2 protein chains.
Amino acid sequence: MKRPTIADVARRAGVSKGAVSYALNGQPGVSEATRRRILDIATEIGFSPSSAARALSGATANAVGLALCRPARTLGIEPFFMELISGVEAELSARSYALTLQVVADPDAEIEVYRRWWAERRVDGVLLCDLRTEDRRVPALEKLQLPAVVIGGPEHTGNLAHVWSDDAAPLVETVEYLVALGHRRIARVAGLPSLQHTRVRTEAFTQVCRRAGLTEAVTVWSDYTGEEGARATRRLLSSAGRPTAVIYDNDVMAIAGLSVAQEMGLAVPADLSLVAWDDSPLCRLVHPPLTALGRDIPAYGAHAARLLLAVIAGQPASGTQDETAHLTPRGSTAPPRSH
Amino acid sequence: MKRPTIADVARRAGVSKGAVSYALNGQPGVSEATRRRILDIATEIGFSPSSAARALSGATANAVGLALCRPARTLGIEPFFMELISGVEAELSARSYALTLQVVADPDAEIEVYRRWWAERRVDGVLLCDLRTEDRRVPALEKLQLPAVVIGGPEHTGNLAHVWSDDAAPLVETVEYLVALGHRRIARVAGLPSLQHTRVRTEAFTQVCRRAGLTEAVTVWSDYTGEEGARATRRLLSSAGRPTAVIYDNDVMAIAGLSVAQEMGLAVPADLSLVAWDDSPLCRLVHPPLTALGRDIPAYGAHAARLLLAVIAGQPASGTQDETAHLTPRGSTAPPRSH
DNA sequence: CTGAAAGCGCTTACAG
DNA sequence: CTGAAAGCGCTTACAG
């Protein structure tokens with residue numbers, strides 16, 4: 001099958017290629033009647049402008065890049081990324097933008113991908129995930145002047161546009177809720193310490209615990225995988241004066257923690273209360289269902305995509321705050337039995 | 001920052017643009033010394049050829065398309081797709097191919113995406129997932145003559161290349177294992193009946209149960225979500241002569257089933273054995289860990305990507321069989337208590 | 001082995 | 001409002 005070109009449309013419409021181009025792009029320069037006729041013919045013969053030719057003529061690539069810097073096994077298991085991608089995609093495809101995805105091994109490889117995308121003119125802009133505290137990717141993108149939106153922040157984003165969610169408030173809400181239930185020994189299994197949002201959460205946790213007069217607030221570090229989440233939980237539950245409540249930085253670790261509690265013969269929630277960050281269908285899948293901190297992740301992705309398209313269109317970089325996660329109490333939290 | 005072009009490289013090397021092109025693409029026509037010098041200069045000034053210009057000159061788009069036709073909420077929770085994407089990506093990026101992703105609402109929208117990608121020359125080929133029994137997408141792709149690899153089969157793939165895995169043998173292995181444990185009432189919670197691999201599994205299940213003399217082999221239909229998996233399990237466990245073992249078509253439904261069993265006061269595996277298809281880290285996350293049918297999904301994706309690149313390079317469409325899933329017994333299967 | 005030139009399919013000033 | 005033409009940055013026959 002031969003692909004139709006703009007010349008085919010022009011010939012059948014009896015106009016120049018330029019006129020077809022104007023008609024297709026909604027530019028002035030053709031009469032309304034002619035535009036209508038041209039569009040009808042284009043639809044009829046199944047014409048879509050070549051993205052390559054369009055990109056080459058100085059227009060945009062009509063594509064946006066997303067590099068994911070996580071090992072394959074954690075990428076698959078965390079619903080977060082797919083939900084984010086769904087939201088990004090919904091927004092992009094509504095505007096006929098393509099999403100180019102690449103999985104990278106580390107931040108330096110990611111910078112290399114950005115450089116190549118830029119040099120190849122393959123994308124008009126990129127979305128940056130998993131913001132770190134000293135993030136080399138931010139100055140690299142600024143230097144390339146490649147339009148970008150950081151999914152995270154609001155700090156350490158340089159001059160880049162960003163969409164962020166308050167990570168401190170939900171933790172405060174959760175600790176106060178647990179304290180109200182009567183818990184005094186609350187622990188937290190945190191995600192990767194190199195990530196900026198982990199730092200924000202850790203600081204918030206420390207502060208709210210101090211404010212509530214809890215002396216035994218302990219944070220242990222993990223990497224979002226079930227294995228590490230289980231190991232951290234085992235360590236916490238084996239210690240003298242074990243916690244009566246644990247807050248996890250993602251759903252996967254919380255489910256692993258629930259499993260460890262059951263394996264150690266502890267009843268949830270009577271002996272141990274559990275709270276998961278990243279509420280997802282996984283949290284409702286287990287027994288008891290997990291109390292969780294959640295928000296609309298596809299909407300977050302859509303929000304970021306919309307902002308990126310605005311930046312590509314030339315609007316100044318801005319930071320906008322997205323919805324704050326809220327606590328949904330379910331069966332995994334209750335007053336401690338000893339209380 | 002101005003992006004370097006082939007002309008910049010040519011100027012600094014003191015050769016023509018044509019020579020640079022030959023050097024970069026490993027074509028004959030330049031001496032080895034000149035090629036070396038040109039490549040060094042290209043690296044030095046950070047040159048990568050414009051993908052648009054390349055695509056326009058009749059070369060390839062250097063991109064491959066993947067359309068996902070599942071609602072956002074199931075996409076996120078099933079590790080399968082992200083693992084598949086990781087594998088596809090690893091293979092593609094090693095050859096400097098980009099992956100273009102699009103989430104679509106239904107098969108017709110998916111065909112429309114293919115048609116647009118083809119007309120825009122945006123991709124050189126596509127990967128097709130979730131093969132159906134009467135799949136309109138297959139003839140549509142054949143008509144477009146867009147290189148394609150079906151992830152599934154080996155039937156109903158038309159003339160398209162495909163990578164498939166035997167869906168019957170693992171089910172036979174599982175049923176025989178359960179029968180050997182002493183189970184006589186085995187049920188199956190199946191995935192979407194419109195998918196080809198569901199049909200293959202259902203037929204295999206019916207046959208092996210008949211062969212083993214099981215009269216009560218029952219299949220109930222679901223949609224891969226935890227909600228539906230839970231509902232199907234509740235129905236099965238409430239029936240007279242409830243099964244002593246249940247096989248699920250994915251990990252998410254199996255975990256939901258485990259939760260329902262616990263909620264109904266049934267001990268797993270003493271009162272009820274559970275087997276999950278799609279072994280993933282999720283299966284090891286719960287308590288007891290789930291006996292599961294698994295195989296290397298990233299490798300499956302890599303395999304499909306490699307085949308697609310071969311088809312794009314002009315090799316004839318072929319069907320190749322991938323690894324067969326194998327059973328990993330864990331804590332969720334045992335002889336039935338009543339036995 | 002190298003250079004000059006056409007052409008891929010668009011967009012966009014520039015004349016009419 | 002429309003047409004003819006240049007140009008985007010490559011690739012690839014075609015001469016030398």
Side-chain angles (χ1 to χ4, degrees), chain A residues 1-39 41-42 45-63 96 116-124, chain B residues 1-39 41-42 45-63 96 116-124:
Chain A
M1 237 174 126
K2 182 78 176 49
R3 301 176 220 219
T5 70
I6 199 172
D8 298 321
V9 179
R11 198 176 317 114
R12 290 184 62 146
V15 298
S16 69
K17 295 192 302 177
V20 175
S21 176
Y22 289 137
L24 255 50
N25 297 312
Q27 304 270 13
V30 286
S31 68
E32 211 31 66
T34 310
R35 184 190 305 277
R36 207 40 278 152
R37 195 157 49 85
I38 289 173
L39 289 180
I41 292 172
I45 69 174
F47 169 76
S48 297
S50 152
S51 59
R54 220 172 211 182
L56 193 54
S57 319
T60 61
N62 280 310
S96 295
R116 191 165 48 73
W117 279 346
W118 172 82
E120 291 182 350
R121 295 149 176 76
R122 206 179 253 289
V123 301
D124 299 321
Chain B
M1 238 175 124
K2 182 81 176 48
R3 303 175 216 218
T5 71
I6 201 171
D8 298 321
V9 179
R11 199 175 315 116
R12 291 184 60 145
V15 297
S16 70
K17 295 192 303 178
V20 175
S21 177
Y22 290 137
L24 254 50
N25 296 313
Q27 305 270 15
V30 286
S31 68
E32 212 29 69
T34 309
R35 184 190 306 277
R36 209 37 281 152
R37 195 157 49 85
I38 289 172
L39 291 179
I41 290 172
I45 69 174
F47 170 77
S48 296
S50 151
S51 58
R54 224 176 208 177
L56 193 54
S57 321
T60 60
N62 280 310
S96 294
R116 190 166 48 74
W117 278 347
W118 172 83
E120 293 182 348
R121 295 148 176 76
R122 207 181 251 289
V123 300
D124 299 320

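Letters go in sequence order (proteins before strands), and every chain restarts at 1. Note that this is a predicted model, so its numbers are computed, not measured.
The CZ-C1' distance, from A:Arg121 to D:dC10, rounds to 10 Å in whole Å. Here C:dT2 presents its C1' atom at 16 Å from CD of B:Glu32, a figure rounded to the nearest Å. In this structure, the CZ atom of B:Arg35 is 9 Å from the P atom of C:dC1, given to the nearest Å. For the pair A:Arg36 CZ and D:dC1 P, the computed distance is 16 Å after rounding to whole Å. Note: CZ (A:Phe47) to C1' (C:dT11) measures 12 Å, nearest angstrom. In this entry the distance linking CG of A:Leu24 with P of D:dT2 reads 15 Å, nearest Å. Taking atom CG of residue B:Asn62 and atom P of nucleotide C:dC8, one finds them 20 Å apart after rounding to whole Å.
OP1 and OP2 of C:dG9 both lie 4.0 Å or more from every side-chain N or O belonging to A:Arg54. Between B:Thr34 and the phosphate of C:dT2, there is a side-chain N or O to OP1/OP2 separation shorter than 4.0 Å. For A:Ser50, no side-chain nitrogen or oxygen approaches OP1 or OP2 of C:dG9 to under 4.0 Å.
With distances taken from any side-chain atom of B:Gln27 to the nucleotides D:dC10, C:dC10, D:dT12, the minimum falls on D:dT12. The side chain of A:Tyr22 approaches C:dC14 more closely than any other nucleotide in the set D:dC10, C:dC14, D:dC8. For A:Leu56, taking side-chain heavy atoms from C-beta onward, the closest of the listed nucleotides D:dC8, C:dC10, D:dT11 is D:dC8. Taking the side chain of B:Ser57 as heavy atoms from C-beta on, and the options C:dG7, C:dC10, C:dG3, the nearest nucleotide is C:dG7. If you check D:dC10, C:dT2, C:dC10 against the side chain of B:Thr5, the one that comes closest is D:dC10.
When Watson-Crick and G-U wobble pairs are counted only if both distances are under 3.5 Å, D:dA13 pairs with no nucleotide at all. Nucleotide D:dA4 forms no Watson-Crick or G-U wobble pair with any nucleotide shown, as no partner meets the under 3.5 Å limit on both distances.
Contact record, B:Thr5 with B:Phe47: C-CE1, 3.4 Å, taken as the closest heavy-atom pair. Minimum interatomic distance between B:Ala52 and A:Leu56 (heavy atoms only, all atoms of both residues): CB-N, 4.0 Å.
Among the heavy atoms of the strands lying under 4.0 Å from B:Ser31 are primed sugar atoms or P, OP1, OP2 only; no base atom is included.
Under a 3.5 Å cut-off, the side chain of A:Arg35 and the backbone N or O of A:Gln27 do form a donor-acceptor pair.
Judged by closest nucleotide on DNA chain D, A:Val30 is the one of A:Lys17 and A:Val30 placed further toward the 5' end.
With a 4.5 Å cut-off on side-chain heavy atoms, B:Asp8 and B:Arg11 count as touching. Proximity of A:Ser96 to A:Asn62: side-chain heavy atoms (C-beta onward) are nowhere separated by under 4.5 Å.
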